[in-house]
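Numbering of ligands and ligand atoms starts at 1, following listing order. Computed from heavy atoms alone, side chains included, the values below leave out hydrogens, waters and symmetry copies.
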Amino acid sequence: MKPKILVTREVFDETLEFLGRHCEVESNQQDVAFDPETLARRLADKDGVVCSLTDRVDAKLIERCPRLKVVANIAVGYNNIDLPACTARGVMATNTPGVLDDSTADLAWTLILGAARRLTELERRVRGGEWTGWRLKQWLGMDVHHATLGIFGMGRIGQAIARRAAGFEMKVLYHNRSRVGSDIERRLNAAYVTKDELLRQSDFVVLQVPYSPETHHLIGARELKLMKPTAVLVNSTRGGVVDDAALVAALKSGAIRAAGLDVFENEPRLNPGFLELDNVVLVPHVGSSTEATRRAMAMTAANNLVAALTGGTPPNLLNPEAGKK
Ligand code: DGY
């Protein structure tokens, strides 16, 4: 008998076709997120789940799913999953690292350039008929080339962002829980600095750390005050890493120049203050959202799930201890 699985949100046809070869699949192709009660009911008799960052997989849910063996998240971030609770119940959890690095780095760069050159603000002005002709001092932006880029989080995506900085001949600083190898630093031409040094020296501060209790409000009022008044903040990682209320205040008062944001606290409900500001570029959590990357992410999650349910070790297992239970 094939194992039974739930796919909580819409995926691509080839993902479903692959899963169907190995599992009895129940899928939510309507793509409306299940509320916690519906999710628990649908998952109660399943052996595995392919889920996304909009699904909370916590201890309460796992308790109600006695057959569950694997939680395959379609995302590299997994702050929606209670990993210790999974491990305690012998449930394997997996993510989708690697396949989205370049697309996410490209989006971080879109935000860097967009915020520096006021792209969305100026597009609104053009559409609103405000452009009456060329002027020397018109809507001036700031240079990205030869500026200093500070990256918080020098994992795979942080490194992909740093690689792109070479083309702009930037000085690259980074801060990370632990320093990366000197070969990587040399290759990226990146210098390790403390958190406060990075904030003080950078023209562009890009956040690429995973969200956790330790990184909650990594950037708040104190940190924003340390940044240059001409600096730009880019958050392309997770809402909650920035204190959004403090950021709105800093953008309003001119404590920093601009921001580019792909992620928000309590998304999709944004702090309404952002909507009143011209000096912030806002996009809706689309860091990895290219056709090829989203297809690869879904397939990576499917491969992880099938490996777990057919006696193998999923390539992207987050909690190897779970497999031993
Ligand atoms: C991730 O993979 O964590 C992204 O945020 C999802 O697009």
Side-chain angles (χ1 to χ4, degrees), residues 7-12 15 28 31-34 49-58 70-83 86 92-112 114 151-161 176-177 206-219 233-242 244 259-270 281-305 314-319:
V7 181
T8 65
R9 298 296 297 268
E10 185 173 16
V11 290
F12 299 96
T15 327
N28 176 21
D31 203 26
V32 177
F34 291 133
V49 61
V50 175
C51 61
S52 77
L53 47 87
T54 54
D55 302 303
R56 262 214 84 61
V57 180
D58 56 16
V70 57
V71 176
N73 216 28
I74 310 182
V76 65
Y78 51 90
N79 55 302
N80 58 311
I81 300 174
D82 183 337
L83 206 55
C86 284
M92 290 181 253
T94 66
N95 67 342
T96 63
V99 293
L100 46 68
D101 298 349
D102 284 313
S103 300
T104 308
D106 286 350
L107 194 273
W109 269 93
T110 306
L111 293 173
I112 291 171
I151 303 173
F152 271 106
M154 208 40 137
R156 281 180 312 267
I157 299 173
Q159 291 180 30
I161 293 169
N176 202 44
R177 242 181 337 195
V206 179
L207 307 173
Q208 205 51 65
V209 294
Y211 179 75
S212 69
E214 291 75 49
T215 59
H216 179 73
H217 286 187
L218 174 77
I219 303 296
L233 179 72
V234 168
N235 188 4
S236 47
T237 184
R238 273 290 181 277
V241 172
V242 176
D244 282 354
L261 306 174
D262 181 38
V263 288
F264 307 87
E265 290 191 286
N266 308 314
E267 61 187 47
R269 290 181 303 280
L270 321 194
V281 175
L282 306 168
V283 292
H285 202 147
V286 289
S288 60
S289 187
T290 67
E291 169 104 26
T293 294
R294 286 285 166 89
R295 282 186 190 276
M297 288 166 69
M299 219 45 181
T300 302
N303 271 311
N304 282 326
L305 175 128
N316 308 115
L317 184 58
L318 293 164
N319 56 347

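- Under the 4.5 Å side-chain criterion, counting only non-hydrogen atoms from C-beta, F264 is in contact with L282.
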Self-check item: Chi angles and distances behind the side chain to side chain contact (heavy atoms under 4.5 Å, CB included) call for T96, N316
Solution: CA-CA 7 Å; T96 63; N316 308 115; 5.8 Å; no

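- For D55, the side chain to side chain donor-acceptor pair (under 3.5 Å) criterion is met by T8, not counting sequence neighbours.
- Distance CG/L305 to OG1/T300: 12.5 Å, rounded to 0.5 Å.
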Practice problem: Apply the test side chain to side chain contact (heavy atoms under 4.5 Å, CB included) to residues M92 and C86: give CA-CA distance (whole Å), side-chain angles for both, the deciding distance (0.1 Å), then the verdict. | Solution: CA-CA 7 Å; M92 290 181 253; C86 284; over 6 Å; no

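- Distance alone, capped at 3.5 Å, is enough to place a donor-acceptor pair between the N80 side chain and the S52 backbone.
- At a 4.0 Å heavy-atom cut-off, the residues surrounding ligand 1 are L53, A75, V76, G77, L100, R238, H285, S288, R294, M297, listed by chain and number.
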